[in-house]
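To start, the structure itself, in structure tokens.
A note on names: the letters A, B, ... follow the listed sequences, proteins ahead of strands, and every chain is numbered from 1.
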Amino acid sequence: MPELPEVETNARNLRRYARGKRIVAVTPPPGRRELGGLAPKAFAARVAGHVVEEVTRRGKWILCRLDGGAGLGLHLGMTGKIAAARGDEELPRFTRAVFALDDGARVCFVDSRRFGKLFAAGYAQLLERPEIARVGPDALSEVSVEELARILAASRRTVKEVLLDQTRLSGVGNLYATEALWRAKIHPAKPARALSAAQVRALHRGIRDALKHGLRTYASEDVPEYIEEGAPNPFHAYDRAGEPCHRCKTTLKSMVIGGRTSAFCPACQLRR
DNA sequence: AACGGAACCTGAAAGC
DNA sequence: TGCTTTCAGGTTCCGT
């Protein structure tokens, strides 16, 4: 589920659970694949015993600064989330790693599909890891209209692909790219460099509004789930192919761009 | 450099 | 009912 709003919500939750607390024991995932190649025991040894001093977000990464110059970087992948179990509460299904804190809480890294990442390293080295160092400016707080215009003008790819490129701007994934383009009335397959100045402004607003809508939707302690059992889809275009456009009632279509499904309105999202 | 496609995993839902 | 196929919110890697 995790794009900027969901990662931000998970980071806030983790901050509330863990900031100022000491990690007294770590149960790592069984293999190295989520750990950036590090052995599970080595991962646990690097993290255990440290106090969590600060939890921040960089694009879709959650960064924990630990005492003594240590660091922990978390990426939620496709299905990751942070949860906490207290007392003798049962751990959530698909818990892959557990961080026991000195207040008795157990913070869980839950990730059914196992595309998530847990990197343990010195904090400075963590920031230098290519996966993290490559992350571009934050789509919500660091990309002005002018900067967005430069980013789009510099690419020959479609606008949708640029929005998904975390090195250009970070935090937007398939869901919010779909939403932002619908809000801006721009066809996802339009070449990025072909947007007019007015379209760039509309897209900038569309990105911010879509992300803020996501933050409002998920601004609770509850684990974010974009569609829970029976809950209505809170989005305008994402996962709505075949349904009427919320603006013009035209049936939304879907196409694959950059390997990702993109729903859009063929009538009001302009290709030119 | 750029682009498409496969790969990495696993679960849920849809299809038959 | 049960087996098979398809699809999924992310990212990297590889061959052309």
Rounding to an integer number of angstrom, what distance separates dA12(B) and dT11(C) when you compare their C1' atoms? 22 Å
Considering only atom P, compute the distance from dC7(C) to dA6(B) and round it to an integer number of Å. 13 Å
Separation of the P atoms in dC9(B) and dC14(C), to the nearest angstrom: 15 Å
Measure CZ/Arg32(A) against P/dC9(B) and give the value in whole Å, please. 14 Å
Taking a pair as Watson-Crick or G-U wobble with both distances under 3.5 Å, which nucleotide is matched to dC9(B)? none
Ring centres under 6.0 angstrom apart (Tyr238(A), Trp182(A)): no
Can you tell me how far C1' of dG9(C) sits from CG of Asn10(A), to the nearest Å? 12 Å
Return no unless some side-chain N or O of His75(A) is found under 4.0 Å from OP1 or OP2 of dT11(C). yes
May I ask you to say whether Asp138(A) pairs ionically with Arg57(A), meaning some side-chain N is under 4.0 Å from a carboxylate O? yes
Within less than 4.0 Å of OP1 or OP2 of dC9(B), is there a side-chain N or O belonging to Arg33(A)? yes
Would you say Arg134(A) reaches dT12(C)'s phosphate, i.e. side-chain N/O to OP1/OP2 under 4.0 Å? yes
Using the six-membered ring for Trp and the full ring for Phe, Tyr or His, decide whether Phe115(A) stacks on the six-membered base ring of dT11(C) (centres under 5.5 Å, planes under 30°). no
It should be established whether Arg93(A) places a side-chain nitrogen or oxygen under 4.0 Å from OP1 or OP2 of nucleotide dA12(B). yes
Are side-chain N/O atoms of Asn174(A) and Lys160(A) paired as donor and acceptor at under 3.5 Å? yes
For Thr261(A) and dC7(C), is the shortest distance between a side-chain N/O and OP1 or OP2 below 4.0 Å? no
Would you call Lys117(A) and Glu34(A) a salt bridge, using N to O less than 4.0 angstrom? no
So, does Arg113(A) get its side chain near the phosphate of dC8(B), meaning an N or O under 4.0 Å from OP1 or OP2? no
How would you label the contact of Lys117(A) with the nucleic acid (heavy atoms, under 4.0 Å): base, sugar-phosphate, or nothing? nothing
If you apply the rule salt bridge (charged side-chain N to carboxylate O under 4.0 Å, His left out), what do you find for Arg150(A) with Glu146(A), and how did you get there? CA-CA 6 Å; Arg150(A) 279 194 293 275; Glu146(A) 295 74 21; over 6 Å; no
